[in-house]
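Quick notes on the structure that follows.
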Amino acid sequence: FFFFFFSKLFFIYLRMMALRNEGGGSRVLSAEEVVKQHPFDMSAWEVILNFAQSCSGTEFRPHFESYLKQFPTAATIWKSYISRELELKNYDDAKALFKRCLGTCPNAGLWNLYMEYLLQIDISDNDLKKAYEISINTLNGDVDAGPIWKKYIDFLKSKIADGGLYSQSVVDTRKAFQRSLSQSHRGNDEIWKQYLQWEEKISQKILLKNRKVFGSVHTTTNAITQKLVRMSAGLNKGLPSMPPSFANGFTEAQKKIWESILVFEKKNPLKLSKDVEVIDRVLLVFKQYLLCFNRYPNLWHDVITYLLSQAKELQTKGDLPLAQEMSKKAEIFFKGAMDACPQDHILHFSFADFLETQGRSAEAKELYKSLAEQSDDPTLIYIQWIKHARRTDGLAAARNVFKIAVSDKRTGPEVFTASAHIELCSSGDGAMISKRIFNRGMKNETFASTLSFVIAYLSFMENTGDVENTRALFETVIAKLPAGECAPIWERYIAFESLVGDLQSVLKLEERRFSQLRDLEVEKAGNVNISTSETTTMDHLVTRFSFGDLLPCPRENLASLVSEEKLSELDGSSRGDIKFSTSTASASQSQSTAKSTTAKFPLPSLSQLTPFRPFADDDAVLLVRTPLVAKFLKDLPPPYSWDGEDVDVDALMAYIKQSNIENVETKAKEMTTSLLENNVGVNYLINQLLHSFPFQKKGHTTLTPFFTSLCFV
């Protein structure tokens with residue numbers, strides 16, 4: 001492994017010499033084209049950011065802006081962007097950037113840069129003091145806030161004038177020292193030593209008193225700090241926020257670290273007496289967590305749930321002002337969640353429910369209206385809006401929303417089903433109104449051919465007791481639907497007829513189904529002499545004599561009596577449950593039950609399967625992965641992340657064997673330093689390596705994962 005690793009570093013080192021003088025213009029143009037099609041391609045963004053860092057003048061701005069438009073919570077990139085502006089002494093531009101990011105990015109490095117910026121411009125001592133107070137309040141509980149505390153205390157110490165032991169400047173400095181000592185940050189030890197030295201010069205009497213009091217405070221906070229530092233080991237607070245679909249082993253490990261810190265802070269390790277102090281520390285962790293994972297709806301839900309639970313608890317304690325403050329903060333997080341996850345309507349619906357509980361139905365109505373206007377498929381939005389209108393303003397309001405939904409051509413048939421169900425349960429003549437709603441939906445040819453809507457209508461009619469109209473509906477549906485989609489309708493029709501009709505009518509329906517099935521098979525096979533096997537006939541009998549989970553034969557005999565399709569259907573079916581439902585389970589029954597097919601024979605355990613790899617001497621050698629190798633392979637990027645040329649492994653191995661590397665440790669350090677100084681995109685680097693060494697091979701597709709993994713090592 002080390003031989004491969006250092007060999008690869010050696011290859012990279014050689015290429016770095018060539019890359020130093022190579023222009024990056026063409027690379028960044030290609031990267032910009034890539035991110036237009038794939039906005040979360042981090043290799044392309046890496047090329048863009050590296051190019052931005054090398055730009056002269058103000059040419060870096062559009063590159064930083066494009067990145068921050070895609071990742072607005074990337075605090076480390078905001079810091080790099082503003083640092084470039086400060087290097088050019090563009091203080092007005094830096095100020096504008098600070099206004100854009102400080103309110104949403106509680107990052108210690110970014111706030112520390114802000115305080116450095118304030119020291120470079122003309123600002124009054126009073127304003128500077130206020131800025132320090134805002135920064136330390138924002139980062140209350142951050143283990144990385146030590147440098148800001150130190151600067152704040154140094155600033156206060158520098159303003160002490162001859163005013164006696166109890167002058168305001170001395171009091172402010174002492175309070176700052178003591179407040180800092182009660183906070184968990186990495187600079188706690190150093191500030192404790194500075195405080196003892198400073199207090200010794202100011203007052204020996206106060207020193208003797210406070211050494212004991214704040215000594216114990218320092219000991220406690222220092223222990224908490226060390227524990228937080230250990231828990232935060234490996235945490236990357238500058239991780240770009242990616243959607244959940246891009247999750248991998250690294251991001252999951254990062255989430256576990258954040259979750260462990262949250263659990264720790266919720267336990268109030270510092271034993272703070274005020275509820276608001278505990279809540280603020282927990283909220284800071286949530287906010288910093290969201291900087292890296294703000295596209296995860298469940299995380300937004302967690303922080304909102306936490307705030308609402310705290311508001312309820314505070315209300316129980318009688319602290320109504322603080323409870324209202326927590327409720328307002330929850331609303332702010334709701335709005336942030338909807339901005340960060342615009343496609344996850346679950347957060348929008350939750351906010352509408354929140355507004356409803358607050359008695360703000362008009363605002364909830366506007367939210368639903370806005371969502372419906374912006375959505376490509378507003379069906380579910382209209383359904384939730386109808387339910388909300390019925391709860392808050394009554395059945396008449398729900399009907400008005402239904403009219404709006406029906407007039408919208410984007411609306412699906414589910415709106416008719418939901419509205420019919422609401423009418424059935426909410427009004428005296430609900431059955432008649434529900435039937436009218438379904439009939440109106442059936443007038444739409446698209447809806448009349450939608451299996452889920454048809455089955456919902458049939459389910460409703462079966463429970464009305466109107467046998468003749470139910471039969472007529474079955475006949476209408478069978479006539480309109482394609483023959484290949486009628487199987488679940490026939491099943492339901494026969495089951496219904498067996499409950500309300502005579503035997504002859506059931507047999508006639510089975511003959512019609514058989515005839516349609518045979519015609520369909522003839523059409524597919526093109527053979528008029530095609531016959532149907534005995535198991536198909538047995539399928540019909542089992543269907544006729546079953547009810548719900550009750551079968552007319554022992555379940556263990558089914559495999560020898562019915563077809564595999566029927567066996568799969570019976571494994572999870574519940575045909576006897578004939579009731580009006582908005583569920584589309586019956587429509588997709590054959591698909592869902594196919595996933596849980598009962599096997600006819602015992603199957604091997606695929607978890608015990610060990611892959612083998614044949615070699616040139618035709619000896620099949622088992623490729624057994626040790627836990628270390630398995631973890632290593634799991635952490636590697638997926639093969640599809642490499643889109644360059646393929647390699648000839650034999651030529652690559654021969655090249656490595658011929659390489660003579662001496663003084664490995666020294667050269668490895670040199671190569672690593674060079675790599676860091678010449679940071680380029682991974683895909684671009686690998687592509688350059690492929691063009692430089694004699695192991696590329698066109699069309700050798702099976703070797704791409706191997707070379708990709710080796711290069712990422």
- State whether the side chain of Arg410 and the backbone N or O of Ala372 hold a donor-acceptor pair below 3.5 Å, judged by distance alone. yes
- Do Leu367 and Met338 have side chains that get closer than 4.5 Å, going by heavy atoms? yes
- Query: For the residue pair Thr411 and Ala405, what are the closest heavy atoms and their distance?
  - Reply: OG1-O, 2.7 Å
- Message: Closer than 4.0 angstrom, basic N to acidic O: yes or no for Arg512 and Glu475?
- Response: yes
- Item | Side-chain donor/acceptor of Ser370 to backbone N/O of Glu366, under 3.5 Å | no
- Query: Where do Ser361 and His388 land on the side chain to side chain contact (heavy atoms under 4.5 Å, CB included) test, with the steps shown first?
  - Reply: CA-CA 9 Å; Ser361 300; His388 163 78; 4.2 Å; yes
- Please report the closest heavy-atom contact between Leu395 and Ser426, naming both atoms and the distance. CD1-CB, 3.9 Å
- Task: Please name the pair of heavy atoms, one in Met442 and one in Val477, separated by the smallest distance, quoted to 0.1 Å.
- Result: CE-CG2, 4.4 Å
- Query: Can you name the nearest heavy-atom pair linking Ile381 to Leu371, along with the distance?
  - Reply: CD1-O, 3.5 Å
- Parallel, tilted or perpendicular: which describes the rings of Phe71 and Trp45, with under 30° parallel and over 60° perpendicular? perpendicular
- Item | Electrostatic pair Glu331:Arg360 at N-O distance under 4.0 angstrom | yes
- Message: Has Thr450 got a side-chain atom pairing as donor or acceptor with Thr446's backbone, closer than 3.5 angstrom?
- Response: yes
- Heavy atoms, side chains only, cut-off 4.5 Å: are Val303 and Tyr289 in contact? no
- Query: Using 30° and 60° as the class limits, which term best fits the ring planes of Phe496 and Phe474: parallel, tilted or perpendicular?
  - Reply: tilted
- Message: If I compare all heavy atoms of Thr73 with all of Leu291, which pair ends up nearest, and what's the gap?
- Response: OG1-O, 2.8 Å
- Grab the two heavy atoms, one from Thr417 and one from Ala456, that are nearest each other, plus how far apart they are. CG2-CB, 3.7 Å
- Message: Taking the side chain as everything from C-beta on, heavy atoms only, tell me whether Leu347 gets closer than 4.5 Å to Ser350.
- Response: no
- Query: Quick one: does Thr251's side chain have a donor or acceptor within less than 3.5 Å of a partner on Ala247's backbone?
  - Reply: no
- Task: Give a yes or no on whether the ring-centroid distance for Phe416 and Phe447 is below 6.0 angstrom.
- Result: yes
- Message: side chain to side chain contact (heavy atoms under 4.5 Å, CB included) for Leu307 and Leu283? Distances and angles first, verdict last.
- Response: CA-CA 9 Å; Leu307 284 170; Leu283 281 184; 3.7 Å; yes
- Task: Apply side chain to side chain contact (heavy atoms under 4.5 Å, CB included) to Gln324 and Gln315, showing your working.
- Result: CA-CA 8 Å; Gln324 292 177 355; Gln315 190 173 9; over 6 Å; no
- Query: Salt bridge or not for Lys508 and Glu511, using N-O below 4.0 Å?
  - Reply: no
- Does Glu423 come within less than 4.0 Å of Arg399, counting only side-chain N to carboxylate O? yes
- Query: Judged by modelled atom types alone, do Thr464 and Asp466 share a side-chain donor-acceptor pair under 3.5 Å?
  - Reply: no
- Sub-4.5 Å side-chain heavy-atom contact between His345 and Gln384: no
- Query: Thr470 side chain to Met461 main-chain N or O, any donor-acceptor pair under 3.5 Å?
  - Reply: yes
- Ion pair check, Asp353 and Arg391, cut-off under 4.0 Å: yes
- Query: When the aromatic ring centroids of Phe438 and Phe453 are compared, is their separation below 6.0 Å?
  - Reply: yes
- What orientation do Phe354 and Phe334 show, parallel under 30°, tilted 30 to 60°, or perpendicular over 60°? tilted
- Taking C-beta and beyond as the side chain, do Arg513 and Glu491 meet within less than 4.5 Å on heavy atoms? yes
- Message: Quick one, Glu259 and Val263 - any side-chain contact, counting heavy atoms below 4.5 Å?
- Response: no
- Ring geometry between Tyr296 and Phe293 (parallel below 30°, tilted from 30 to 60°, perpendicular above 60°): perpendicular
- Between the side chain of Trp300 and the main-chain N/O of Asn294, is any donor-acceptor distance below 3.5 Å? yes
- List the steps, then state whether side chain to side chain contact (heavy atoms under 4.5 Å, CB included) holds for Tyr368 with Tyr382. CA-CA 8 Å; Tyr368 283 121; Tyr382 280 126; over 6 Å; no
- Query: So, does Ser260 use its side chain to make a donor-acceptor pair with the main chain of Ile257 at under 3.5 Å?
  - Reply: yes
- Task: Indicate yes or no: at least one non-hydrogen side-chain atom of Phe250 is less than 4.5 angstrom from one of Leu239.
- Result: yes
- Evaluate the side-chain proximity of Glu510 to Ile494: yes if any heavy-atom separation is below 4.5 Å, no if none is. yes
- Message: Strictly below 4.0 Å, N to O, side chains only: are Asp344 and Arg295 in salt-bridge contact?
- Response: no
- For Lys365 and Asp393, run salt bridge (Lys or Arg N to Asp or Glu O under 4.0 Å): C-alpha distance rounded to whole Å, both residues' side-chain angles, the deciding distance at 0.1 Å, then the answer. CA-CA 11 Å; Lys365 177 182 177 181; Asp393 299 319; over 6 Å; no
